[in-house]
Amino acid sequence: VLVGALPKRNQASNTLAMLPMSVPDVFTISVVQFFALYLFRNQIKFFGVGPIEHKGDAFWYSSLFPIIAISIIPIFHMMVTVIKTIEQEQTKPYVLALRGKGMAKSYIIRVHMRKIIIYNLLSTMPSVLTIMFSSLIIVENVFFYRGMGYQMVNIFRSTKVTPVES
């Protein structure tokens with residue numbers, strides 16, 4: 001009887017959260033760059049700074065669009081983790097007891113599920129960092145930004161470093 005009182009799983013939120021993760025990184029990066037180009041051509045301010053040139057690394061604000069491009073997929077990855085954790089915890093006996101006492105869902109999530117959500121988010125950090133580093137070189141090449149990925153590739157392309165012979 002109590003399980004029937006719970007709302008059905010919201011498949012739309014899962015589908016919308018999984019959609020950006022299913023498109024290739026290059027497509028996501030291209031969409032962000034076209035957005036940056038649109039803002040630059042129309043002289044529109046972005047985060048109070050503008051117009052921001054969509055390529056290069058001459059100014060501190062030139063890193064805004066590469067940061068956005070790198071962080072879109074990890075944000076949705078973490079959002080899916082939070083949604084699945086909340087859905088799994090909704091069927092636990094302590095949550096059902098709290099709902100039976102009349103506590104709001106938001107209160108239960110904030111107070112009682114917070115530790116579990118944070119633990120699951122921290123356990124997904126290795127995969128989030130892997131996603132970010134895998135798209136880092138592509139983002140820096142597309143935005144002509146000389147960051148950490150550029151420096152890693154430049155070391156291997158450089159002919160200045162000679163191998164040590166023993």
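Values reported hereafter were calculated over all heavy atoms of this structure, with side chains retained and with hydrogens, waters and symmetry mates removed.
Between the side chains of S127 and H77, at least one donor N or O lies within less than 3.5 Å of an accepting N or O.
Partners of R114 according to the side-chain contact (heavy atoms from CB on, under 4.5 Å) rule, which considers only residues two or more places apart in sequence or in another chain, are I118. Listed by chain and residue number, nothing satisfies the side-chain hydrogen bond (donor to acceptor under 3.5 Å, both in side chains) test with T28 (two or more places apart in sequence, or in another chain).
Between Q88 and M113 there is no side-chain heavy-atom pair separated by less than 4.5 Å. Annotation: side chain of V95 is not in contact with side chain of H112 (no heavy-atom distance under 4.5 Å).
Using a 4.5 Å cut-off between side-chain heavy atoms of Ile, Leu, Val, Met, Phe, Trp and Tyr, with links allowed through other members, I67 and M79 fall into different hydrophobic clusters. When hydrophobic clusters are built by joining Ile, Leu, Val, Met, Phe, Trp and Tyr residues whose side-chain heavy atoms come closer than 4.5 Å, directly or via intermediates, M125 is grouped together with V80.
Atom CD1 of I108 and atom CD of E89 lie 11.5 Å apart (nearest 0.5 Å). Taken to the nearest 0.5 Å, the OG1 atom of T85 stands 11.0 Å off from the OH atom of Y119. With values rounded to the nearest 0.5 angstrom, I29 atom CD1 is found 13.0 Å from I68 atom CD1. Distance check, rounded to the nearest 0.5 Å: OG of S71 to CZ of F76 gives 10.0 Å. Summarising the geometry, atom CD1 belonging to I75 is positioned 11.5 Å from atom CD1 belonging to I131; distances are rounded to the nearest 0.5 Å. Taken to the nearest 0.5 Å, the CD1 atom of I70 stands 10.0 Å off from the CD1 atom of I138.
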### Message
Go through it in stages, so that I can follow the logic: the residues are I109 and I117, the test is side chain to side chain contact (heavy atoms under 4.5 Å, CB included), and I'd like the CA-CA distance, side-chain angles, deciding distance and then a yes or no.
### Response
CA-CA 9 Å; I109 291 170; I117 292 171; 4.0 Å; yes
### F65 vs L39, side chain to side chain contact (heavy atoms under 4.5 Å, CB included): CA-CA, chis, key distance, verdict
CA-CA 11 Å; F65 290 118; L39 292 177; 3.9 Å; yes
### Task
Please report the C-alpha distance between L136 and F133 in whole Å, then the side-chain angles of each, then the deciding distance to 0.1 Å, and finally whether the side chain to side chain contact (heavy atoms under 4.5 Å, CB included) criterion is met.
CA-CA 5 Å; L136 181 66; F133 281 126; 4.0 Å; yes
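Shown here is Y38, whose OH atom has no more than 12 heavy atoms of other residues, nucleotides or ligands within 6.0 Å.
The nearest pair of heavy atoms linking P74 to M132 is CG-CG, 3.4 Å.
Classification of K84 and E87 as a salt-bridged pair fails, no side-chain N sitting under 4.0 Å from a carboxylate O.
Side chain of Q33 to backbone of V142: a donor-acceptor contact under 3.5 angstrom is found.
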